[in-house]
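Read through the structure below, which is laid out as structure tokens, and then see the notes.
Only heavy atoms go into these numbers, but all of them, side chains included; no hydrogens, no water, no symmetry mates. Chain identifiers are assigned alphabetically (A, B, ...) following the order of the sequence lines, protein sequences preceding nucleic acid strands; residue numbering begins at 1 within each chain.
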Number of protein chains: 2
Amino acid sequence: MSIQDYINSLDERSRQVLFAVIESYIHKPEPVGSRFVTKKYPMGFSPATIRNIMADLEELGLLTQPHTSAGRVPTDRGYRYYVDSLLKPESSVPRDPYAEMMRDFARRIDAIKNDLTVLFHEVTDTLSQMSNYVGVVLPPKPAKTVFSRIDLMKYRDGNVVALLLMDDGVIRNKVIKVDPELTQDDLNRIAEYLNGEFHGKTLDEMTEMLVRLMHDEKALWDKMISRAIEVCNQTLRFSGEDLYVSGLYDAMDLPDFSDINRIRQLSRAIKDKHTILRLLDEFANTEGVHVVIGRESSASELQNLSIVASSYRDGGRPAGVVALIGPTRMDYSKAIVMVDTVAHCISQAFDEHR
Amino acid sequence: MSIQDYINSLDERSRQVLFAVIESYIHKPEPVGSRFVTKKYPMGFSPATIRNIMADLEELGLLTQPHTSAGRVPTDRGYRYYVDSLLKPESSVPRDPYAEMMRDFARRIDAIKNDLTVLFHEVTDTLSQMSNYVGVVLPPKPAKTVFSRIDLMKYRDGNVVALLLMDDGVIRNKVIKVDPELTQDDLNRIAEYLNGEFHGKTLDEMTEMLVRLMHDEKALWDKMISRAIEVCNQTLRFSGEDLYVSGLYDAMDLPDFSDINRIRQLSRAIKDKHTILRLLDEFANTEGVHVVIGRESSASELQNLSIVASSYRDGGRPAGVVALIGPTRMDYSKAIVMVDTVAHCISQAFDEHR
DNA sequence: CATTAGCACTCACCTCTACTGAGTGCTAAC
DNA sequence: GTTAGCACTCAGTAGAGGTGAGTGCTAATG
């Protein structure tokens, strides 16, 4: 019988004690003693009994002691058990306290769902304000979004403004350089050609087509086409995938970040976004709420941090991810409800949208 | 004779000592003792003499002691004197070490000067990376920029994408809601009308005109005009003035921010941008580099912070501001050179641009 | 008369010690 | 199986003493 098996077969008493320790510690970040448990979570046993149980839980790696004569503190594995086995009956999580906020939220995002940038900023702001953790949104992969149209307008010098509209609302404008000889009429013809060519394609397909076109003979003798390819090529050169983040400032006030190094760690994790990006990306095609606790993610940047994430859907299919990043000592039940609800709100907003 | 007069008439010795203390303290944030000064900045006096001079400087409020038996530390007033009287002969500031970087910088911004958003991000990034302070850019007041053209494109549902081009490169796109009956042809006519009406106007003048138009009789019977007004009204509703900021993460590594409260203070100052915005705004119409040290700005948020700022010009006239925000214990000479040089680079990029 | 050597003094900082109290593990009794 | 009792551990605090960097003052010096 492996440790995992032992953990899975915890008896009710042990579960109660573990639950008590974790809830208490989440409420107030101080090691929890046996006497304290008997007082605040009375279950008819003396401190000595609780001590025995706690010792068992420590042996299983669910709790640990900061030092010999201190109370117990949950380990990452402890939180994991808490999240998986103690919170799972989701009905027990009280959604009501947030219902009001969420109705309000749903109303607000309804008004701005046309502009994804504004929408996602609103989402991260709301998430972080409500939770005091760091709110994150992974926007839909632009590569998977469907081309709607491109417009080209002459600007100053030899510059042209390219406006790229995608079907789901991702709008991008970019100043590109072209042959200054081109007139607006030329540009219109180029845009028209591109609109026809790329109609209904995803960005991925577009770039693929572009590569093919560039080797096509037709492009060699038709100047207009070769120019169109050039324009398109410039426009599609993206600023890379981005991530909406907010709430670092509020999170800094959490007791978990009273240590300067913890703050640095958190901000570093947020600063070079690709760690988080890679992690969230894994959830982009899944359903439901996921929780990653501390070292569970192999990324060392996230050692003392946990992530609660859920994908949201656009037209039934998973599109992007919303998440909360906080300390491992996180109010998981609260965070899970929030992330879940917000994800649903977004999915719903998208659905009404089409 | 006021204290200020005494300060202005410091003799050479005192100036030398003050200079030594401040330079040393900027180099390493530890109280500077008399013995240390005689060793590292030999000027032919014994520690005792230096002590007497230091006592005088303290009486004038230029230095202070953290506690009785510690060395001296500069006060805000001390830094002020240092900046005004000891650094002013600008020729003494060595520009060379940065010359290389700056050439590089000039080349880089040359490539992106068409897109102000990208440009300003690049500027704050460069400033903060080179200095380890927080780089800030106040973009040109959109209200003062000159209208170039507006384009309207039908999007999904009853939505329209409005693309607003301004003469200096501020480009803004916005999804607005209009009467779904409007065809693309209608939109084109509306845009044409607006382009004619607003040609060469600033945003300020545009809003003004808009108010006037809305009370004009013509608007009442010409449906096209009234729609145009509506569209324009929606488009001009801005997301408010913004501020480009970057470098908080790097600044956190400065010893000045090893105290958690200092970090919180700094991030709070950056978070609600309007304090900084108001401060920088004062410099928007001035020339040259300005330095605000600690409490000199009445804003309590900036107590332990200093700002080195300079306006940059667009077409000869001051347009916006670049700045560095750091601890009062800042390397002012370095910061001043950087801000000054960067401001010049931007001005130059704009000039070549027209 | 400016400068300096000498000296007493101050005070942050470090270390050592002792004490306290919260909490534990173990064992024997219930 | 549960619990009372007890010895033990250890972080945290407070006080005492020593150290050293630095000062202010005064009297001697050139």
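Ring pair B/Tyr79/B/Tyr332 is tilted by interplanar angle, where 30° to 60° counts as tilted.
Both B/Ala48 and B/Pro66 sit near DNA chain C, but only B/Ala48 has its closest nucleotide nearer the 5' end.
Between the side chains of A/Asp125 and A/Ser246, a donor-acceptor pair is found at a separation under 3.5 Å.
Looking only at side-chain heavy atoms (C-beta outward), B/Pro47 and B/Phe36 stay at 4.5 Å or farther from each other.
Look at B/Arg329 and B/Asp256 and you find a salt bridge, because one of the NZ, NE, NH1 or NH2 atoms lies within 4.0 Å of a carboxylate O, short of that distance. Salt-bridge check for A/Glu301 with A/Arg268: failed, with every basic side-chain N at 4.0 Å or more from each acidic carboxylate O.
If you check distances only, the side chain of A/Ser69 does reach the base of D/dT9 with a donor-acceptor pair under 3.5 Å. Residue-to-nucleotide contacts include a donor-acceptor pair under 3.5 Å from the side chain of A/Arg51 to the base of C/dG25.
Comparing D/dT3, C/dT4, D/dT9 against the side chain of B/Thr49 picks out C/dT4 as the nearest.
Residues B/Leu248 and B/Ser267 share a closest heavy-atom pair of CD2-CB, 4.0 Å.
A/Ile53 has its CD1 atom 13 Å from the P atom of D/dG1, to the nearest Å. In this structure, CZ of A/Phe36 is placed 9 Å from P of C/dG23, rounded to the nearest angstrom. Distance, B/Arg35 CZ to C/dA5 P: 12 Å, rounded to whole Å. In this structure, B/Leu63 atom CG and D/dT23 atom C1' are separated by 14 Å, rounded to whole Å. Atoms NE2 (B/His67) and P (D/dG20) sit 16 Å apart, rounded to a whole Å. In this structure, CG of B/Asp56 is placed 14 Å from C1' of D/dT23, rounded to the nearest angstrom. The nearest whole Å value for the distance from the CZ atom in B/Arg72 to the P atom in C/dA12 is 15 Å. Atom C1' of nucleotide C/dT3 and atom CD1 of B/Ile50 are separated by 11 Å, given to the nearest angstrom.
The backbone N or O of B/Val291 lies less than 3.5 Å from a partner atom in the side chain of B/Arg80, making a donor-acceptor pair. Although no hydrogens or angles enter the test, the distance criterion places a donor-acceptor pair under 3.5 Å between the side chain of B/Thr75 and the main chain of B/Gly61.
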Let's go through B/Met330 and B/Ile26 carefully: what are the C-alpha distance in whole Å and the side-chain angles of both, what is the deciding distance for side-chain contact (heavy atoms from CB on, under 4.5 Å) to 0.1 Å, and is it a yes or a no?
CA-CA 6 Å; B/Met330 201 183 197; B/Ile26 284 176; over 6 Å; no
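Neither OP1 nor OP2 of D/dT2 sits under 4.0 Å from any side-chain N or O of A/Ser46. In terms of phosphate contacts, A/Ser34 brings a side-chain nitrogen or oxygen within less than 4.0 Å of OP1 or OP2 of C/dT24.
Near DNA chain C, meaning a heavy atom under 4.0 Å away, the residues from residues 13-20 of chain B are B/Arg13.
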Pairs under 3.5 Å (N/O, protein and nucleotides 27-30 of chain C):
none

